[in-house]
Visitor: 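Pasting a structure here, questions to come.
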4 protein chains.
Amino acid sequence: MNKVILVGRLAQDPEVRYTQTGKAVASFNLAVNRYVSQGQQQTDFIPIVAWERLAETCGNNLTKGQRILVEGRLQIRSYETADGQKRRVAEVVALSIEFLERKQTAAAGGGSGSSFDVSSIGSDVFPPEEEIPF
Amino acid sequence: MNKVILVGRLAQDPEVRYTQTGKAVASFNLAVNRYVSQGQQQTDFIPIVAWERLAETCGNNLTKGQRILVEGRLQIRSYETADGQKRRVAEVVALSIEFLERKQTAAAGGGSGSSFDVSSIGSDVFPPEEEIPF
Amino acid sequence: MNKVILVGRLAQDPEVRYTQTGKAVASFNLAVNRYVSQGQQQTDFIPIVAWERLAETCGNNLTKGQRILVEGRLQIRSYETADGQKRRVAEVVALSIEFLERKQTAAAGGGSGSSFDVSSIGSDVFPPEEEIPF
Amino acid sequence: MNKVILVGRLAQDPEVRYTQTGKAVASFNLAVNRYVSQGQQQTDFIPIVAWERLAETCGNNLTKGQRILVEGRLQIRSYETADGQKRRVAEVVALSIEFLERKQTAAAGGGSGSSFDVSSIGSDVFPPEEEIPF
DNA sequence: TTTT
DNA sequence: TTTT
């Protein structure tokens, strides 16, 4: 079992890229608040990645500031820097996402949001394990 | 491990009662939607109970229709009916609750909600195991 | 989100039945311990159901007393008794199961278990929503 | 909500250190297996930290190779290297741990383990937010 | 019995 | 009705 469940807001619009074999990869940071003591709040910015159909859906439906619920797994990825140093980066591979707010449209500049019901998207295939192109 | 995480809307206002020793108990049903196929949606109405300080906070801050996240544990409680039949009832004992929407005020009749940030309450003590007075 | 994660032991061998359309359904109770105070332990017996391929795997790989981890969702099912009373029953619909112990063989009568690694099975299709034949 | 649930084996014995104010901090990596395809398995080594009473319990009860369940939250910590580079490190702050196997004693050199029941420890206070001394 |  |  490797399960992560987060509720937070997108720190920026998702960035969708494509691997050499054409698989979509969306990535963004999720700002997750934590209440340390009363009046005190701390934020973790947690890197999220989504693959394929879920990645496309992220690109088409999520915008900066929107609140979502992410379910996924925690992955530690190793890589080497240009000058040969080994680094590790952690990210949450999203397997399903629930919208807790309607997308902010540029036109509406905010919109109601309050009456929007949860809807949910999931990855229909297991995420591929190709190299991420960034 | 006995962990339950639910996102849904209150099907009714919380009902707060008190045990003989004065402990507060809040109870309500949470309407949790599930997307069976496209356009098709099914709802589970899941009984939630909260104890003591968390119960008071539920009574003071939650209203019918409001969307929340509940974290707790699944409990199977046995009881006997008036005519001596054994029955079992399942309920989720809430240990913490996150508000995903601001409380609907009677006055505002809806309100903005959209810009409300998640806030969270937790049970500061372990829930007691007294008999529930209903 | 409707997520349940349980760690416990099978209270009995799984029972595998088949719907009229031939879908396998496994059911069993999971004994989940909780530590109320030191030396004090309470047990919830939580009904689990699994469907189709996961049901078959349960029937073939799980036995009474074995410890497993169940991930699924909490479902409230309504039915009528023979004399027309409405009842509700709660159960956890398993979506994946991890073995935390090797199966107890009748021959070995226990076995080592200690060196067994977690292995995991999941439902490859969404569970059907037919009537359960019991 | 920032929830992480992991099942895995300790990749090494926990290391217990103390902050300048005397708070215990335990840290270790958890090896979490994932089944990519049949016969194929991949392992994430996920850094775990525990604080105070939970840290002491880790030091006294956990050893390399032991399988446990960790519940906690995902934290991204920023720090600067000696030469002034900003780095980020992810770790799971454990809030409770369940033993899925008895501790391997040096004497027993392995032991049965198979008949050990789950027991559970939790952090009785919220983890402090001091600087970690490493 | 919630909501879109 | 599990298990230690």
Side-chain angles (χ1 to χ4, degrees), chain A residues 98-103 111-120, chain B residues 1-2 6-15 27-35 38-48 62-70 76 78 86 88 100-101 103-104 109-111 113-114, chain C residues 1-2 6-15 27-35 38-48 62-70 76 78 86 88 100-101 103-104 109-111 113-114, chain D residues 98-103 111-120:
Chain A
E98 282 189 20
F99 309 104
L100 301 175
E101 280 179 0
R102 193 185 290 288
K103 179 175 184 170
S112 81
S114 84
S115 59
F116 183 61
D117 211 355
V118 176
S119 88
S120 179
Chain B
M1 159 136 297
N2 179 336
L6 303 171
V7 172
R9 293 180 183 279
L10 279 85
Q12 73 268 154
D13 287 343
E15 190 171 1
S27 57
F28 56 87
N29 284 287
L30 194 70
V32 179
N33 290 327
R34 192 160 58 88
Y35 298 87
Q38 64 239 43
Q40 277 276 349
Q41 159 184 321
Q42 194 201 315
T43 305
D44 284 293
F45 291 91
I46 298 179
I48 311 289
L62 299 181
T63 58
K64 173 179 172 173
Q66 197 174 352
R67 189 161 59 216
I68 61 173
L69 182 153
V70 173
I76 310 287
S78 299
K86 284 198 174 177
R88 295 179 165 284
L100 300 176
E101 281 178 1
K103 179 175 184 171
Q104 315 296 344
S114 86
Chain C
M1 158 136 300
N2 179 337
L6 304 171
V7 172
R9 292 180 183 279
L10 279 85
Q12 72 269 155
D13 287 344
E15 189 171 4
S27 57
F28 56 88
N29 283 288
L30 194 70
V32 179
N33 291 327
R34 193 159 57 88
Y35 299 87
Q38 65 239 43
Q40 276 275 347
Q41 158 184 323
Q42 193 202 316
T43 305
D44 284 293
F45 291 91
I46 298 180
I48 312 289
L62 299 181
T63 57
K64 174 178 172 174
Q66 196 174 353
R67 189 161 60 215
I68 61 173
L69 182 153
V70 173
I76 310 289
S78 299
K86 284 198 174 175
R88 295 179 165 283
L100 301 175
E101 281 178 0
K103 179 176 185 169
Q104 314 296 343
S114 86
Chain D
E98 282 189 19
F99 309 106
L100 301 176
E101 281 179 359
R102 192 185 291 288
K103 178 176 184 170
S112 82
S114 84
S115 61
F116 182 61
D117 212 355
V118 176
S119 88
S120 179

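Proteins come first, then strands; the chains are lettered A, B, ... in the order of their sequence lines, and each starts at number 1. These values consider heavy atoms only, across backbone and side chains, with no hydrogens, waters or symmetry-generated copies.
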Visitor: Choose from dT1(E), dT2(F), dT3(E) the nucleotide whose nearest atom is closest to any side-chain atom of Q41(B).
Guide: dT3(E)
Visitor: Main chain of Y35(B), side chain of Q40(B): is a donor-acceptor contact present, judged purely on distance under 3.5 Å?
Guide: no
Visitor: Write down the distance between CG (L62(C)) and C1' (dT3(F)), rounded to a whole number of angstrom.
Guide: 16 Å
Visitor: Without decimals, in angstroms, what is the distance between L6(B) CG and dT1(E) P?
Guide: 21 Å
Visitor: Whole angstrom is fine here: how far is it from CZ in F45(C) over to P in dT2(F)?
Guide: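 So the CZ-P distance, F45(C) to dT2(F), works out to 6 Å.
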Visitor: Roughly how many Å is it from CG in N29(B) to C1' in dT3(E), rounded to a whole number?
Guide: 15 Å
Visitor: Figure out the CZ/P separation between R88(B) and dT1(F), and round it to whole Å.
Guide: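 In whole Å, dT1(F) P lies 10 Å from R88(B) CZ.
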Visitor: Main chain of E101(B), side chain of Q66(B): is a donor-acceptor contact present, judged purely on distance under 3.5 Å?
Guide: yes
Visitor: So, does Q12(C) use its side chain to make a donor-acceptor pair with the main chain of F28(C) at under 3.5 Å?
Guide: no
Visitor: Between atom CG in N33(B) and atom P in dT1(E), what is the gap in whole Å?
Guide: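 Atom CG in N33(B) sits about 15 Å away from atom P in dT1(E).
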Visitor: dT2(E), dT2(F), dT1(E): which one has an atom nearest the side-chain heavy atoms of R9(C)?
Guide: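 Looking only at heavy atoms from C-beta outward on R9(C), the closest nucleotide is dT2(F).
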Visitor: Tell me yes or no: between the side chains of N33(B) and T43(B), is some donor less than 3.5 Å from an acceptor?
Guide: yes
Visitor: If I take atom CG in residue L69(C) and atom C1' in nucleotide dT3(F), what distance separates them, rounded to the nearest angstrom?
Guide: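 To the nearest whole Å, that distance equals 16 Å.
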Visitor: When the distance from CG of N2(B) to P of dT2(F) is rounded to whole Å, what number comes out?
Guide: 19 Å
